[in-house]
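For reference, the structure is listed below as structure tokens.
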Amino acid sequence: MAKPPQHAISPTRNEDYPEWYQQVVRAADLAEISPVRGCMVIKPWGYSIWENMQQALDRKFKETGHVNAYFPLFIPMSYLEKEAAHVEGFAKECAVVTHHRLESDGQGGLQPAGPLDEPLIVRPTSEAIIGELYAKWIQSYRDLPILINQWANVVRWEMRTRLFLRTTEFLWQEGHTAHATEAEALEETRTMLDVYADFAENYMAMPVIRGEKTAEERFPGAVATYSIEALMQDRKALQAGTSHFLGQNFSRAQEIKFQDEEGKEAYAWTTSWGVSTRLVGGLIMTHGDDDGLIVPPRLAPLHVVILPVLRDDDSTTAVLEYCQRVRDALMAQNYDGQSVRVLVDQRDLRGGEKTWQHIKKGVPVRVEIGPRDVESDSCFVGRRDQGPKEKKGIPRSEFTSTIATLLGEIQDNLYARALERRREATEKIDNLDDFRDFFTPRQKNTSELHGGLAYCYFSECEEMPSILKELKVTLRCVPFDETPGKGKCLFTGNASSTIGVFAKAY
RNA sequence: CGGGCUGUAGCUCAGCUUGGCUAGAGCGCUGCGUUCGGGACGCAGAGGUCGAAGGUUCAAAUCCUUUCAGCCCGACCA
């Protein structure tokens, strides 16, 4: 008998976090790198999690008055030239379509032909094309607000890619709204940030900090960028969603004008906001452990997997029938407004092997059912937020009737754990030595989890950028939830009344 | 786009320095048997034009040239 390894994932988080991440993506069968440079294939388990995210978000968008539409993948290059800062921000990472045909090169190969008069850009984001249409659609204050969202893929030609966190092509949603007044647009920007934060915390069980980005980190062309920032288990921050107040920058560039109630011509106030498949990466790094992924119940493709323990005797039929009964009873229950999602895994695999597959995929609840359980009318239940061997027998009817409570407990527990991890990794720091110390690993040669979130007073000064660069630290945001008093800028010692959240980041 | 490295089975790699017979291992896969509530074992098998093109040679995974692709480190990023 080979001794089983201690953990399903090797290396562990402590040993090599980036490698652990990749191994979890693989072990949980979420996605794989594709033959196409920088692009990933999202496999059914990973896509299903994304679908559940989409579903929850889409419902929230609609509850806040938005509707879905779809705009073209291609953007004429001239459209992108209109907003100067926007161009500069995205020009370096645009895929460009210059031809519309292929022809034989005479040697069995193909070559592009039919050059386009004007190149088309594969959208890196859609402000440029959507604004162009809004300009046509908006004539009167009666046409406002326009509150549209689209689910789409976008392409940004990144130099280095990591599954879900940064890929050349990714899936996302982008909301684009236009308003008659500044106040209304600002409120929209803030509302959508709150929608994201609510989703992150209550669905993903991932605590986030809401805040505003500083000028350097702002979306190209925006007046203000708000973001939600989450802390991963390696103590690096992940920007999980952004909401931009675009002011009139885009409407001036794109001539999005309307006549107001007094008959005067005015430029619309616009916003845009988005979250992407990057959230799946955030989910992995928030909850995953050394046995693989843990999916919060509200987003889990499967809530419960039933694993029949079959022997080579005549108990098989009884066990399978019992499994069906348990399945039916579970599916009759409601969790989070939907029927509980259950699978009886009858594949012809060894029990241990099968169990571990589901552990690695992060299914919240596993139920082993064998002759013993049929005999005692009970279920042998394991929770993914607990150790693989912490399984216990529960009377069948009690288990099936309280499944929603159990799933709710797991959801809450995951959030509580994540919040506690963040709390442990958060410090208020008021001098530069401590700051350097906080972000410097103890060991030189091995990778080490270190750092976290540092709350510090700061000012936009000359000293800050070089120190941050040296430490590979970034200013994540100016958090909304902090009420600053009087402090001193960490970098200059000058008086400051602005608190920033600093962290190493993805 | 600068610096370093790697392309050999589905995956991870050995073999290359010093050219030589039918190109290997582990994992995975298929079959049979024993197993099965913490990741099994035994036996038998399938699977490769050694990234591509050209050259040197009696002989090339191995040496030379060209080329393509990928990875890592820098500048950029949801």
Side-chain angles (χ1 to χ4, degrees), chain A residues 1-10 18-19 22-23 26-27 32-38 88-94 107 109 124-125 152-162 164-174 196 213 216-217 219-220 225 227-230 237-244 272-282 291-292 306-313 315-316 319 348-360 366-376 378-382 387-393 469 472 474 505-506:
Chain A
M1 280 285 236
K3 201 174 174 186
Q6 223 162 354
H7 302 289
I9 304 298
S10 176
E19 181 60 24
Q22 294 195 340
Q23 292 304 324
R26 194 218 290 247
E32 63 186 46
I33 54 172
S34 75
V36 184
R37 181 209 145 91
E88 192 172 339
F90 285 106
K92 282 167 290 188
E93 48 189 49
C94 285
Q107 293 160 25
T125 177
N153 57 339
V154 289
V155 167
R156 297 182 187 176
W157 213 263
E158 302 285 357
M159 286 299 106
R160 197 170 312 152
T161 57
R162 286 186 74 191
F164 289 113
L165 296 173
R166 180 169 299 113
T167 46
T168 300
E169 179 192 22
F170 58 95
L171 306 183
W172 77 347
Q173 63 62 221
E174 47 183 327
Y196 289 154
K213 290 287 190 186
E216 295 82 55
E217 303 269 334
F219 177 75
T225 288
S227 76
I228 52 171
E229 302 282 332
L238 181 78
Q239 180 175 310
T242 48
S243 185
H244 313 292
S272 68
W273 29 274
V275 295
S276 71
T277 37
R278 177 177 242 204
L279 289 177
V280 178
D291 289 326
I306 298 175
L307 304 155
V309 179
L310 302 176
R311 299 206 176 124
D312 239 358
D313 56 29
S315 66
T316 299
V319 169
D348 181 22
L349 282 179
R350 289 179 32 77
E353 173 74 24
K354 207 191 280 189
T355 303
W356 279 97
Q357 283 186 11
H358 293 289
I359 291 174
K360 288 186 279 194
R366 301 180 309 279
V367 185
E368 290 169 24
I369 290 177
R372 292 207 297 263
D373 309 288
V374 176
E375 184 72 22
S376 63
S378 64
C379 296
F380 203 53
V381 178
K389 59 179 167 185
E390 285 178 59
K391 296 178 283 194
K392 62 178 181 186
K469 191 172 177 185
K472 293 185 176 170
T474 55
Y506 277 93

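Chain letters run A, B, ... following the sequence lines, proteins first and then strands; every chain starts at 1. The structure displayed is predicted, hence computed values, not measured ones. We use all heavy atoms of the structure for the numbers below, so side chains are in, but hydrogens, waters and symmetry mates are not.
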For a quick check of understanding: with a heavy-atom distance under 4.0 Å over all strands, which category does [X] fall into, base, sugar-phosphate or nothing?
X	answer
A:Ser276	base
A:Thr474	nothing
A:Leu238	nothing
A:Phe170	base

Taking C-beta and beyond as the side chain, do A:Leu307 and A:His358 meet within less than 4.5 Å on heavy atoms?
yes
So do A:Thr242 and A:Ser227 actually touch side chain to side chain, heavy atoms under 4.5 Å?
yes
Salt bridge (Lys or Arg N to Asp or Glu O under 4.0 Å) between A:Lys213 and A:Glu229: does it pass, once the steps are laid out?
CA-CA 10 Å; A:Lys213 290 287 190 186; A:Glu229 302 282 332; 2.8 Å; yes
So does A:Lys391 get a side-chain nitrogen or oxygen closer than 4.0 Å to the phosphate oxygens (OP1/OP2) of B:G38?
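Yes.
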Would you say A:Lys392 places a side-chain N or O within less than 4.0 Å of OP1 or OP2 belonging to B:G37?
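Answer no for this pair, as no side-chain N or O of A:Lys392 is under 4.0 Å from OP1 or OP2.
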Symbol by symbol from the 5' end, with Watson-Crick or G-U pairs under 3.5 Å, [ ] crossing and | another strand, RNA chain B is (((((((..((((......[...)))).((((((.....)))))).....(((((..]....))))))))))))....
Expected rows: protein N/O vs nucleotides 67-72 of chain B N/O, under 3.5 Å:
none

Test item: A:Arg278 side-chain N/O and A:Phe164 main-chain N/O as donor-acceptor pair under 3.5 Å
no
Between B:C27 and B:G74, how many Å separate the two P atoms, rounded to a whole number?
36 Å
Tell me the interatomic distance from A:Ile369, atom CD1, to B:G37, atom C1', rounded to whole angstroms.
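Those two atoms, CD1 and C1', are 12 Å apart.
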With the criterion set at under 5.5 Å between ring centres and under 30 degrees between planes, would B:G38 be stacked on A:Trp356?
no
With hydrogens left out and only the distance checked, is there a donor-acceptor pair under 3.5 Å joining A:Arg350's side chain and the base of B:G38?
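Counting by modelled atom types and ignoring angles, no donor-acceptor contact under 3.5 Å is found here.
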Contacts of type side-chain contact (heavy atoms from CB on, under 4.5 Å), residue A:Arg156, not counting sequence neighbours
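Counting only residues at least two positions away or on another chain, A:Arg156 forms a side-chain contact (heavy atoms from CB on, under 4.5 Å) with A:Phe90, A:Glu93, A:Pro124, A:Thr125, A:Glu158, A:Phe170, A:Trp172.
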Are there over 12 heavy-atom neighbours, none belonging to A:Arg26, within less than 6.0 Å of that residue's CZ?
no
